[in-house]
J.: 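Sharing a structure here in structure tokens format.
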Amino acid sequence: AMHTLGLSHEVKDIFNTLLEKKLIYPQDIHKLQILQSNILFKPLRGTLELRVCPPHSAQPYIWLRLKYYPVKDISGDVSKVVGTVENITTQKEADALNAQNISYRQEEIKRSKVFIEADVTDNIIISIFGKQHYLEEFEGGKYSIAIAKIIQNAVHPQYLEKIKRLLSREYILHNFRHGITEGNIDYLSRNHGEGIQRYLWFNLRYSISMNTITRHLILSIFSRDINQRKIRDLRDQYLLNHDALTGVYNRRYFQREVQE
């Protein structure tokens, strides 16, 4: 960190040096001033993280972690406060990206009608929730058995085999080995309401990640209601290719067919 800033490793007073050379990121100067004030009246042991602007660098700032602690003299009184400086920029960037991903994931879960998380390596459902109460019985069960039953109960026959294959354990493992970690499909799902069975358009999206500790593959499945959007898109597509008065195919449709 000291080398990055172009400073000697023997700097006696890192706080004053950073301030004098105007290396502190403007929004973080108050952190250092508060710390200096605290140490002046009561020597502390702790950690301070702040942004510093390295000279002659394309980066607007780097993150430093200052660890400080008191040193006592022979009589037991605190004589000075010393510390170390560590460059934690990479860690901070990774934490920010992770927080962003978690936030996005939480928002996506909120928008989903059904969310399923499974350990594909162990073939276990980790968590599952949705408005359908019967889903709760599958939590902790075998993924391959649970997903087959859920698909059979919810998906329109036209999309049954496609989604069964897309979410099969073998297909997920095959995809991950070949670098494919996500996919999605629009499908018709059964909706039981007011005693009438009808189908609504849903979008199913899955993503695969590896747990860095257990090295197991974790599968996340999101099913979201897109019925209104899908109907609007289908209506627009119909009007684009059909005459509004007669309902027969229009010139645009035939021109495209001839070109293809």
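One-based numbering along the sequence shown.
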J.: Counting C-beta onward and ignoring hydrogens, is there a side-chain heavy-atom pair between Ile128 and Glu117 closer than 4.5 Å?
T.: no
J.: I need the Trp201 CH2 to Lys230 NZ distance, nearest 0.5 Å.
T.: 5.0 Å
J.: Please report the interatomic distance CG(Asp186) to OH(Tyr159), rounded to the nearest 0.5 Å.
T.: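 It is 8.0 Å, given to the nearest 0.5 Å.
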J.: Side chain to side chain donor-acceptor pair (under 3.5 Å) with Lys164: which residues, sequence neighbours excluded?
T.: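 In terms of side chain to side chain donor-acceptor pair (under 3.5 Å), with neighbours along the sequence ignored, Lys164 is linked to Gln152.
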J.: Tell me the side-chain hydrogen bond (donor to acceptor under 3.5 Å, both in side chains) pairs involving residues 218-229, sequence neighbours left out?
T.: Arg105-Ser220, Tyr187-Ser223
J.: Starting at NZ of Lys67, measure out to CG of Leu48 and round the result to the nearest 0.5 Å.
T.: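 If I round to the nearest 0.5 Å, the distance is 12.5 Å.
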J.: Can Glu108 and Arg111 be counted as an ion pair, charged N to O under 4.0 angstrom?
T.: no
J.: Test your reading of the model: is there a side-chain donor-acceptor pair from Asn123 to the backbone of Ser144, 3.5 Å cut-off?
T.: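 Confirmed, Asn123 side chain pairs with Ser144 backbone.
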J.: Let me check something: do Val155 and Tyr199 share a hydrophobic cluster, defined by ILVMFWY side-chain heavy atoms less than 4.5 Å apart, either directly or through other members?
T.: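 Yes, one cluster joins them.
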J.: Are Ile221 and Ile147 close enough that some pair of their side-chain heavy atoms sits under 4.5 Å apart?
T.: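 Sidechains of Ile147 and Ile221: in contact.
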J.: Could you tell me which residues satisfy side chain to side chain donor-acceptor pair (under 3.5 Å) with Lys92, sequence neighbours excluded, listed by chain and number?
T.: Glu49
J.: Hydrophobic clusters here meaning ILVMFWY residues chained together by side-chain heavy-atom distances under 4.5 Å, can you tell me if Ile218 and Phe138 are in one?
T.: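 Different clusters.
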J.: Ignoring hydrogens and angles, write down the donor-acceptor pairs under 3.5 Å from the side chains of residues 244-256, residues two or more places apart or on other chains.
T.:
{"unit_1": "Thr246", "atom_1": "OG1", "unit_2": "Asp243", "atom_2": "OD2", "d": "3.1"}
{"unit_1": "Thr246", "atom_1": "OG1", "unit_2": "Val248", "atom_2": "N", "d": "3.4"}
{"unit_1": "Asn250", "atom_1": "OD1", "unit_2": "Arg252", "atom_2": "N", "d": "3.3"}
{"unit_1": "Asn250", "atom_1": "OD1", "unit_2": "Tyr253", "atom_2": "N", "d": "3.0"}
{"unit_1": "Asn250", "atom_1": "ND2", "unit_2": "Leu240", "atom_2": "O", "d": "3.0"}
{"unit_1": "Arg256", "atom_1": "NH1", "unit_2": "Asn241", "atom_2": "OD1", "d": "2.9"}

J.: Atom CD1 of Ile125 and atom CG of Asp119: how far apart are they, to the nearest 0.5 Å?
T.: 10.0 Å
J.: Is there a side-chain contact between Phe129 and Ile109, using heavy atoms and a 4.5 Å cut-off?
T.: yes
J.: Starting at NZ of Lys110, measure out to CD of Glu107 and round the result to the nearest 0.5 Å.
T.: 4.5 Å
J.: Is there side-chain contact between Ile150 and Ile116, with heavy atoms separated by less than 4.5 Å?
T.: yes
J.: For a side-chain contact (heavy atoms from CB on, under 4.5 Å) with Leu64, tell me which candidate from Thr89, Val85, Leu23, Ile88 qualifies.
T.: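 Of all the options given, the one that passes is Val85.
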J.: Hey, could you give me the NE2/CG distance between His30 and Leu50, rounded to the nearest 0.5 Å?
T.: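 Answer for the NE2-CG pair, His30 versus Leu50, is 10.0 Å.
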J.: For residues 167-185, which side-chain donor-acceptor pairs fall under 3.5 Å, sequence neighbours excluded?
T.:
{"unit_1": "Ser168", "atom_1": "OG", "unit_2": "Arg165", "atom_2": "O", "d": "3.0"}
{"unit_1": "Ser168", "atom_1": "OG", "unit_2": "Tyr171", "atom_2": "N", "d": "3.2"}
{"unit_1": "Arg169", "atom_1": "NE", "unit_2": "Val120", "atom_2": "O", "d": "2.7"}
{"unit_1": "Arg169", "atom_1": "NH2", "unit_2": "Val120", "atom_2": "O", "d": "3.3"}
{"unit_1": "Arg169", "atom_1": "NH2", "unit_2": "Thr121", "atom_2": "O", "d": "3.0"}
{"unit_1": "Asn175", "atom_1": "ND2", "unit_2": "Tyr206", "atom_2": "OH", "d": "3.1"}
{"unit_1": "His178", "atom_1": "ND1", "unit_2": "His174", "atom_2": "O", "d": "2.9"}
{"unit_1": "Asn184", "atom_1": "OD1", "unit_2": "Asn203", "atom_2": "ND2", "d": "3.4"}

J.: Run the side chain to side chain donor-acceptor pair (under 3.5 Å) test against Ser112 and tell me which residues pass, sequence neighbours left out.
T.: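 Listed in chain order: nothing, the list is empty.
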J.: Applying the 4.5 Å side-chain criterion to the ILVMFWY set and letting contacts propagate, would Ile126 and Val114 be lumped into a single cluster?
T.: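 Result: no, two separate clusters.
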J.: Give the minimum heavy-atom separation between Pro60 and Cys53, together with the two atoms involved.
T.: O-SG, 3.7 Å
J.: Are any non-hydrogen side-chain atoms of Phe202 and Leu188 less than 4.5 angstrom apart?
T.: no
J.: Taking Asn153's backbone N and O only, do any of them form a donor-acceptor pair with Arg190's side chain (distance below 3.5 Å, no angle check)?
T.: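 Judged by distance alone, yes, a pair lies under 3.5 Å.
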J.: Charged N to carboxylate O below 4.0 Å: is that the case for Asp77 and Lys72?
T.: no
J.: Does the side chain of Arg51 come within less than 4.5 Å of Ile62's, by heavy atoms?
T.: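 Answer no - side chains too far apart.
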J.: Lys142 and Asp122: which non-hydrogen atoms are nearest, and at how many Å?
T.: NZ-O, 4.4 Å
J.: Which of parallel (below 30°), tilted (30 to 60°) and perpendicular (above 60°) describes Phe115 and Phe222?
T.: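 The arrangement is tilted - the two ring planes meet at 30° to 60°.
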